[in-house]
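Reading through the structure tokens given below for one structure.
Computed from a prediction, not measured in an experiment: that's the story for all the values here.
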Amino acid sequence: MDALAPTARAGQFHPADETHEILWPTQQSLPLVFASPHSGCDYSPEFLASSRLDPVSLRQSEDSFVQEIFACAPEMGAPLIHALFPRAFVDPNREPYELDPAVFKDKLPAYANTRSPRVAAGLGTIARVVANGADIYKDKLSLEEGLERIRTCYWPYHEALRALVEQTKERFGYCILVDCHSMPSVGKPGQGRCATSRVAFVLGDCHGTSCSPAVTASVENTLAGKSYRVVRNSPYAGGFVTRHYGRPEANIHSLQIEINRQIYMDESRMERRPALNTLAHDMRDVVAALGALGPKQLRSTKG
């Protein structure tokens, strides 16, 4: 298989320890949790065979190398969880049952959310298309297959993430969850050049509802101080993880960080650029700034 192709694994994902990896600090000393739900690149032969796309095209939905960019977090005292399964297989940054009727040959259950904007775009929990709009599958899936993916990949990831958040809050009295993503420098078909093509970072706090203003301001000021162009909430205000876990009134703060891929990788060849090392080093200051926030700053209504 081509060196640019996904890593093939035998069989599907069943044991929980094959669905995600948690990189632990020697001792957790910061009230932070970092998560990368879209950087997984373990593709089973069965999944590759079911797709009409070549392996490199199939990878266009990945947030490639994001877990490497934030690898400093465990070194500095905060756990980092990242999915091993690919986003194109099942997307943990969606509701558990945002299901697209066009993907399945069976009738969907009544509890499925079939009308969300994500489903309409073909990017539900079981995606119909990759990020550039190309169809993933040769044939429609059985509902049983879709539900099995959710059971064996989606739920173990969220069970582990939920445990990290709850344990951190219990230990420190509060938790800051950082959901780590990357964004393509070119928009989806029909959008033309992405509005973020010259933006390095988009910070999503669900328009101020998922975390204290101090969290967003801390990251924004740190990155702007390094001459990165940073915007808030447009076009990415925060996905399911940010909305679902972010409850500032319960002392759980969640912020989504989107990084422009052209900074650190060749998007067409799926290869790292040397600037990835610089970006990873700069994240140390982001982790330090978030770790320095205390209960008093988090209760403030000003960033």
Side-chain angles (χ1 to χ4, degrees), residues 28-37 63 66 69-81 93 161 164-165 168-169 171-183 194-261 263-264 278-303:
Q28 186 173 358
S29 57
L30 297 176
L32 313 176
V33 173
F34 288 80
S36 178
D63 289 349
V66 164
I69 294 171
F70 289 91
C72 63
E75 299 172 10
M76 298 177 68
L80 166 65
I81 180 173
N93 197 30
L161 178 57
L164 288 173
V165 169
T168 299
K169 181 187 173 183
R171 178 168 185 170
F172 297 94
Y174 59 98
C175 175
I176 299 173
L177 169 62
V178 181
D179 204 41
C180 309
H181 296 261
S182 66
M183 58 189 180
C194 182
T196 58
S197 60
R198 296 182 182 178
V199 172
F201 291 87
V202 177
L203 306 182
D205 60 10
C206 300
H207 301 283
T209 64
S210 67
C211 64
S212 163
V215 174
T216 310
S218 175
V219 176
E220 182 177 42
N221 293 339
T222 301
L223 294 172
K226 297 179 179 297
S227 298
Y228 290 113
R229 185 179 175 190
V230 185
V231 299
R232 298 189 186 191
N233 294 309
S234 180
Y236 307 106
F240 172 76
V241 168
T242 308
R243 297 192 311 271
H244 179 72
Y245 289 92
R247 292 180 287 124
E249 71 283 358
N251 297 317
I252 299 175
H253 304 265
S254 186
L255 177 71
Q256 179 175 288
I257 297 181
E258 295 271 1
I259 307 171
N260 193 322
R261 292 175 193 161
I263 296 174
Y264 70 90
T278 301
L279 189 60
H281 183 269
D282 289 342
M283 290 307 102
R284 301 187 73 89
D285 288 340
V286 170
V287 175
L290 287 171
L293 295 174
K296 183 177 180 180
Q297 293 99 318
L298 295 175
R299 285 194 298 268
S300 173
T301 58
K302 297 181 179 180

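- With a 4.5 Å cut-off on side-chain heavy atoms, S218 and L293 count as touching.
- For the pair F34 and L164, the minimum side-chain heavy-atom distance is 4.5 Å or more.
- Residue pairs that meet the side chain to side chain donor-acceptor pair (under 3.5 Å) test with at least one member in residues 279-293, sequence neighbours left out, are E75-R284, K226-D285, Y228-D282.
- Closest approach of H181 to P37, counting heavy atoms only: CE1-CG, 3.5 Å.
- Looking at residues two or more places apart in sequence or on another chain, you find no side chain to side chain donor-acceptor pair (under 3.5 Å) involving Y174.
- For S210, the side chain to side chain contact (heavy atoms under 4.5 Å, CB included) partners two or more places apart in sequence, or in a different chain, are D205, C206, T242.
- Separation of atoms CG (N251) and CZ (R299) is listed at 8.5 Å; rounding is to 0.5 Å.
- By the ring pair (Phe, Tyr, Trp, His ring centres under 6.0 Å) test, H244 pairs with F240, sequence neighbours left out.
- Contact detail for V202 and Y236: the closest heavy-atom pair is CG1-O, 3.6 Å.
- Across A237 and H207, no two heavy atoms sit closer than the pair CB-NE2, 3.6 Å.
- Note that the OG atom of S254 and the OH atom of Y245 stand 9.5 Å from one another [nearest 0.5 Å].
- Looking at residues two or more places apart in sequence or on another chain, you find a side chain to side chain contact (heavy atoms under 4.5 Å, CB included) between Q28 and P25, P79, T168, R171, F172.
- Listed here is the closest heavy atom pair of F70 and L80: O-CD2, 3.8 Å.
- By the 4.5 Å heavy-atom criterion applied to side chains, F201 and V286 are not counted as neighbours.
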_Quick one, L161 with V33, criterion side-chain contact (heavy atoms from CB on, under 4.5 Å). Give me CA distance, side-chain angles, the key distance, then yes/no._
CA-CA 9 Å; L161 178 57; V33 173; 4.2 Å; yes
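- In terms of the side chain to side chain contact (heavy atoms under 4.5 Å, CB included) criterion, residue partners of A250 (sequence neighbours excluded) are, by chain and number, K169, R247.
- Distance check: L279 CG to I263 CD1 gives 6.0 Å after rounding to the nearest 0.5 Å.
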*For C72 and V287, run side-chain contact (heavy atoms from CB on, under 4.5 Å): C-alpha distance rounded to whole Å, both residues' side-chain angles, the deciding distance at 0.1 Å, then the answer.*
CA-CA 8 Å; C72 63; V287 175; 3.9 Å; yes
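- A 4.5 Å side-chain heavy-atom check between L32 and V178 finds every atom pair outside the cut-off.
- Take D63 and apply the salt bridge (Lys or Arg N to Asp or Glu O under 4.0 Å) test, not counting sequence neighbours, and it matches R261.
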*Determine, stepwise, if the pair V241 / L177 fulfils side-chain contact (heavy atoms from CB on, under 4.5 Å).*
CA-CA 9 Å; V241 168; L177 169 62; 3.9 Å; yes
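- Side chains of Q256 and N93 form a contact here, defined as non-hydrogen atoms less than 4.5 Å apart.
- Looking at heavy atoms from C-beta onward, L255 lies in side-chain contact with T216 at the 4.5 angstrom threshold.
- By the side chain to side chain contact (heavy atoms under 4.5 Å, CB included) test, P248 is found to be paired with H253, residues two or more places apart in sequence or in another chain being considered.
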_Assess the residue pair I176 and L298 against the criterion (side-chain contact (heavy atoms from CB on, under 4.5 Å)); give the C-alpha distance rounded to whole Å, side-chain angles, the decisive distance to 0.1 Å, and a yes or no._
CA-CA 10 Å; I176 299 173; L298 295 175; 4.2 Å; yes
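- The list of salt bridge (Lys or Arg N to Asp or Glu O under 4.0 Å) pairs with a residue in residues 211-220, not counting sequence neighbours, reads E220-R232.
- In this structure, I252 CD1 and C211 SG are separated by 13.0 Å, a value rounded to the nearest 0.5 Å.
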